[in-house]
Structure formats: structure tokens, C-alpha cells
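What follows is a short report on a single structure.
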Amino acid sequence: MAYQGSMKVKGSSTAAGGAISASNFGRAHFVRVQAQAAANTITVKNAAGTTIGTLILITAGDSIIIEKEETDTIATSGNAVGSAVSSPR
């Protein structure tokens, strides 16, 4: 489902057409990730590389805003785009 709320964009989007590889998105606290491929696993890790959690975006076009610590990283198993954003309103 497409995101319907409002947010302030706080950084450039990652490049379309590829997976996100262990990015902290400029030390952002909130990151919006949108899947470009079905069954896309999102993994959040802490600075030590320990997995904090995973989730799956089922359909291409699904998106989520993830709250994380500045040093946490986000990676995806398939094509996705991500961008640092403000806290969702």
C-alpha cells in the first residue's frame, strides 16, 4: 500500500533499480523504504552488525518508515529505494 501521510524529506533517495546495501542514510533517525520488487526483506542492524530485526514488504510499491538509531543500517534483499525523512505526522 502506498504511504498516505506527510513527511519532510531530509536527504537524497538511493538509486532506483538496485538493492540497498547497509546504509545509515546520513545518520537519519527515520528512513522511508519503498520496495520495487515483491517479497523484499528489509534488515536493520546496529553498529556492531547485529541484526535488530527484519520485515518483508510483500508487493512492489509497498513502503514503510523505519525509526532507527543514527548508526543503525538498513539493507534490502531486492530492488528498493530509500530516503531519510522526518518523523511521520
Exercise for review: Please report the closest heavy-atom contact between Ala80 and Ala35, naming both atoms and the distance.
Suggested key: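 So the minimum-distance heavy-atom pair works out to CB-CA, 4.2 Å.
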Exercise for review: Determine the minimum heavy-atom distance between Val81 and Ser13, stating which atoms define it.
Suggested key: CB-OG, 3.8 Å
Separation of [Y] [atom2] from [X] [atom1] (nearest 0.5 Å):
X: Arg27; Y: Thr73; atom1: CZ; atom2: OG1; result: 12.5 Å
X: Glu67; Y: His29; atom1: CD; atom2: NE2; result: 8.5 Å
X: Asn40; Y: Ile20; atom1: CG; atom2: CD1; result: 8.0 Å
X: Ser21; Y: Ile74; atom1: OG; atom2: CD1; result: 12.5 Å
X: Met7; Y: Ser83; atom1: CE; atom2: OG; result: 8.5 Å

Give a yes or no answer on whether the side chain of [X] reaches the backbone of [Y] with a donor-acceptor pair at less than 3.5 Å.
X: Ser63; Y: Val33; answer: no
X: Gln34; Y: Gly61; answer: yes
X: Asn24; Y: Thr71; answer: no
X: Gln36; Y: Ala60; answer: no

Check your understanding: Apart from Ile58 itself, which Ile, Leu, Val, Met, Phe, Trp or Tyr residues share its cluster (side-chain heavy atoms under 4.5 Å, direct or through members)?
Key ->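 So far as hydrophobic clustering goes, Ile58 is joined with Ile56.
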Which atom pairs, one a donor and one an acceptor, fall under 3.5 Å between side chains of residues 41-54 and the rest of the protein, sequence neighbours left out?
unit_1 : atom_1 : unit_2 : atom_2 : d
Asn46  : OD1    : Ala48  : N      : 3.0
Asn46  : OD1    : Gly49  : N      : 3.1
Asn46  : OD1    : Thr50  : N      : 3.0

Review point. Same cluster or not: are Ile66 and Val85 linked, directly or through other Ile, Leu, Val, Met, Phe, Trp or Tyr residues, by side-chain heavy atoms under 4.5 angstrom apart?
Key: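 Different clusters: Ile66 never reaches Val85 through Ile, Leu, Val, Met, Phe, Trp or Tyr contacts under 4.5 Å.
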Revision key, fill the gap. Sorted by chain and residue number, the side-chain contact (heavy atoms from CB on, under 4.5 Å) partners of Ala28 (sequence neighbours excluded) come out as Phe25, Val31, Ala84
